[in-house]
Amino acid sequence: MTRQPKSGFSLFLTVVISMLYSSLTLGCNPFETVVHHFFNIAKIYRPPGQESKIREFIHTFATQNGFYTYMDKVGNLYVDLKGTGAFEHLNTKSRTRKTFPDTPKIGIQVHLDMVHEPNDPSLFKNGITLERTGKWIKTKDEVTNNGADNGIGVASALRLLSNPPNNMPPIRLIFTIQEETDMKGARNIPPKALKSLQAVFNLDSIKYGVLCCGAMGDQIYTISHSKFAGRTLSKKVYQTITLKISGLKGGHSGLESASNRANGIKVLLSTFSRLVTSFGTSDIWFINASSSAPQKIGTIPNTFELTFAVPKKISIDQTTAKNVLTQHIAQTYRGETRTDITVKFSIEPALKKKLTGQSWQEAVKIFEHLDEQIPMYIVENNKAYPNSVQTTVNMSYFKMSPVTGMTLMVMTRSFEAQSITKYRNTLDRSFNAQNNFSIKTSEVLPPWKPSDTPWLLPLISKLSDINYTSELVTAGLETAMLKQIAPHLELVSMGPNLKDIHSPQERIDLTSLEKFTYDLERILIAVGAHLHGAKDRIVEDSKGRR
């Protein structure tokens, strides 16, 4: 492996502490080992495209414990774990091989990066402050998310490295990059890294007791409008009003698609007309509107900001405007239960420079067209899987002004490729007929259709003490890429219960995490026994470790 640049004393200290802890807890509580690793990696800055520190941490931790590591050209990291107990004889003896050994038949895949919500690097540079309270792990004061997606998967993989079961088959850990943006890591895994594997467990699911064997594909559309009729506003006559709403729940657009949470963009589009008419004047000029820049297109925007100009002599009734917004949210979005939603006005009583304004009536026409033509969240329900939706739509990013035009990013998710195509055709019909609108497709992720698993799911279903169902969940998205690279693989995605992903309320259910830790151990042992012809006694000996 090509070593990454040294990442500083604090990272070195984190590695040392982890190794000391691992040596003390080896053979002790696996669940507490997972929790320990999760708290440790929370200290490491790891947004998409900046995974070098977390990768270096894992590489150092693995190599100093005597494990093989590899890094491919794009920056994915691979660690080959040795078999223990009844599987120890399968270990590759050579420690100098620079290519992938053929021994592992089981893979575990997780992604290194995490979404930062809010998208403010200063809140994450020094690590995330976690707290363990009751049955949850969450961030202190819920100012930021905690990185459970996919930090808990990384921690679960590291547990197998530092505190392996007594009888564990050889396993290849696959740590990918940039899942939260363009899935660059999963798209570029070299086929040789998957060639010897027969089963891969993706630990990026969010629902305990479910084996996810299918996931939504997605497509991102950028809808643009290039020209607006504007007017130069006099500094002597007009003042500007900036309105900002924040404190919405936000979250993961796919996972929370059935929660009916408020989307800041949708709130803006559907209330703008009522807002401006409450001011009691028609002399209103739209200046700009924007949601926060997205780090992850699949996140529900939880803020928006709007600026408009009115004559200086007009006094804005801020209370009425705030009530328009908050009442609309309360009446429309049943999933929006937070009490700290805030609406702030900032007034600049005199323009500092000449501004270009757009007639508010013209802005309303565009807003209402977008609001009507782009539905939110569930578009189709899945008939085959009653607990799953079929297709969802999320407005992800919005920016509009008379000077720069408009940019709206929309993500469609679906378990069926034809549904994605169908919605694209709907957008084409809705906007191509309108002057100066254009649509660009920027990304396509194929759906992961329910996998054909002739032996893996039946094997897991026969294990006593484990009761899992098979469902479609909007998780484990990288599995679609793995299946394209290696069609022979049997794949499932699994994990503990995670709540409010990609939001400051993101949290991990400790009860399900403890159960998941032991379930994963038992499943890996059973699959190893099946693939390597080990005795059934090994599987039975792994029972009852909760």
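Residue numbers start at 1 and run along the sequence shown. In what follows, every heavy atom counts, from backbone to side chain, and hydrogens, waters and symmetry copies are set aside.
Under the 4.5 Å side-chain criterion, counting only non-hydrogen atoms from C-beta, Leu457 is in contact with Ser470. Side-chain contact between Val110 and Ile174 is absent, with no heavy atoms from C-beta onward closer than 4.5 Å. At a threshold of 4.5 Å between non-hydrogen side-chain atoms, the residues Pro165 and Ile525 count as touching. Residues Asn302 and Ile245 form no side-chain contact, since every pair of their non-hydrogen atoms from C-beta on lies 4.5 Å or further apart. Counting heavy atoms from C-beta outward, Phe516 and Phe31 have side chains that stay 4.5 Å or more apart.
When only modelled atom types and interatomic distance are considered, Asp72 and Tyr78 share a side-chain donor-acceptor pair under 3.5 Å. Side-chain atoms of Gln505 and Ser503 form a donor-acceptor pair, as typed in the model, at a separation below 3.5 Å. A donor-acceptor pair shorter than 3.5 Å can be found between the side chains of Ser414 and Thr391. When only modelled atom types and interatomic distance are considered, His111 and Asp149 share a side-chain donor-acceptor pair under 3.5 Å. For the residue pair Gln109/Glu478, the side-chain donor-acceptor check at 3.5 Å is satisfied. No hydrogens or angles considered: a donor-acceptor pair under 3.5 Å links the side chains of Ser270 and His328.
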Derivation and outcome, salt bridge (Lys or Arg N to Asp or Glu O under 4.0 Å), residues Arg172 and Asp80 | CA-CA 5 Å; Arg172 177 162 298 150; Asp80 279 351; 2.7 Å; yes

